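Just the heavy atoms: all of them, side chains too, but no hydrogens, waters or symmetry mates, feed the values below. Fair warning: this is a prediction, and the values are worked out from it, not measured in the lab.
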Amino acid sequence: MNNPRRRFWPRLVRFVLTTAFCAGILAAAGAAIVVINRTEPTAKQVKATRKSAALVETQVVRRNNYAPRLSVLGTVRPARDITLSPRVSGQILEVAESFVPGGIVREGSWLVKIDKADFENQYSIRVSELEQRLASLKIEEGRQSLAKKELKLLESTIDETNRELVLRGPQIASIRAEVSAAKAAVQRAKLDLDRTTIVAPFDAQILSQSCNVGSQVSPGNELARLVGVEEYWITAAVPVRSLQWIRFPMDDAEGSDVELRNADAWPAGATRKGRVTRMIGTVDERTRLAQVLITVNDPLGRESEAPPLILQSLLQLEIEGRTIEGVFRLRREHVRDEDTVWVMKEGKLAIRDCRVVFRDETYAYIESGLADGEHVVISTLATVADGIDLRRIEESGDVESDDVDPGGEET
């Protein structure tokens, strides 16, 4: 039989050892806490000057007359754009050196010459026919002269109707009609002969060319596409509500000046000038924007060092608007939510409700809500409420900007 006492004593020993081990752990933890508390650094008070007023930067506003600038996008298009076609049929014998894509041609300079042998022959035939008709007219006029002499002998025996026949009036009229037709035929043959040489209708740049020496052409065939180089048009998309601020030509008044930029293709800082010409009387169906036409002279920069315009390119435009009289001008970011402006008055913040008549890309133009000479707060505030204390930066020369944050809290 197993003795119960032999099982009891080992269990007791294990219990005592476990308890002692746990007590040791607790004692070590308590000692560590005591050491940490005794060695913790003591907080020291740092002397700081408490600034109860928010340090802000202000701007003095004045009522004045300002011209807003509308920032829009525009697409370059030619003012003159034609498809060059022949007016007679034939084979091309020669083309000008400048008759290539990108070539610049002057008004009246020849571009293409068509074989004119057949037209010279036709012209000679028409001239010969005219000479024959003129000769027939002279013969008939001679016959009429003889008839007049014979008529004097028969003056009393011929009535008025037969008188015209005796004087060969119908024959003369018929031959004169044939002479007129022959002259017209000569003129037509001369025109066809002249049209064998195709010339530039205006100063132009050749965008595309679709013929060459040996090509057989006829009226209606496309020879080339030409665009005028004296001026280009730019079609600008403008919000309908902004049209009232754009000056359009009227009587002797010119349209608004326009500044053109192309950051992708032009050197840094390069600009060009244009002028508003007219408003296109339609609204784009997709964007619901109005279309304004702008004219740019010398678009290729042939007479200046201005960067050339590229057709169908997208430009950034700034249109100088009508002058807005008697308004305050602030940067858009200084007009706060719900068209309010922060004003510093007698060291306090005053939140003003303002009426903004127009906004361009940079500025807001305020009609009412401010007074001339007031200080507008242009800094950002952490706490915004009517009546909080403010101090201007220039009034705190002994306080560095790092000492106080814009919200007026101490640091």
Taking everything shown except [X] itself, do over 12 heavy atoms lie less than 6.0 Å from its [atom1]?
X: Q59; atom1: CD; answer: yes
X: Q244; atom1: CD; answer: yes
X: R332; atom1: CZ; answer: yes

Exercise for the section: Would you please name every residue forming a salt bridge (Lys or Arg N to Asp or Glu O under 4.0 Å) with E94, sequence neighbours left out? Expected result: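 Once residues adjacent in sequence are excluded, E94 has no partner under the salt bridge (Lys or Arg N to Asp or Glu O under 4.0 Å) criterion.
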Partners of R322 by salt bridge (Lys or Arg N to Asp or Glu O under 4.0 Å), sequence neighbours excluded?
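Partners of R322 by the salt bridge (Lys or Arg N to Asp or Glu O under 4.0 Å) criterion come out as none, since no residue qualifies.
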Salt-bridge criterion met for [X] and [Y] (N-O under 4.0 Å):
X: E333; Y: R331; answer: yes
X: K273; Y: D257; answer: no
X: E57; Y: R392; answer: no

Grab the two heavy atoms, one from [X] and one from [Y], that are nearest each other, plus how far apart they are.
X: M344; Y: T58; result: SD-CG2, 4.0 Å
X: N221; Y: Q216; result: OD1-O, 4.2 Å
X: F358; Y: W245; result: CD1-NE1, 3.2 Å
X: S71; Y: E318; result: OG-CG, 3.8 Å

Practice problem: Could you tell me the separation between the OG1 atom of T271 and the CG atom of L260, rounded to the nearest 0.5 Å? | Solution: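 CG of L260 is found 8.5 Å from OG1 of T271.
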TODO: Just jot down the side-chain hydrogen bond (donor to acceptor under 3.5 Å, both in side chains) partners of R359, sequence neighbours excluded, or say none.
DONE: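 R359: side-chain hydrogen bond (donor to acceptor under 3.5 Å, both in side chains) contacts with D339.
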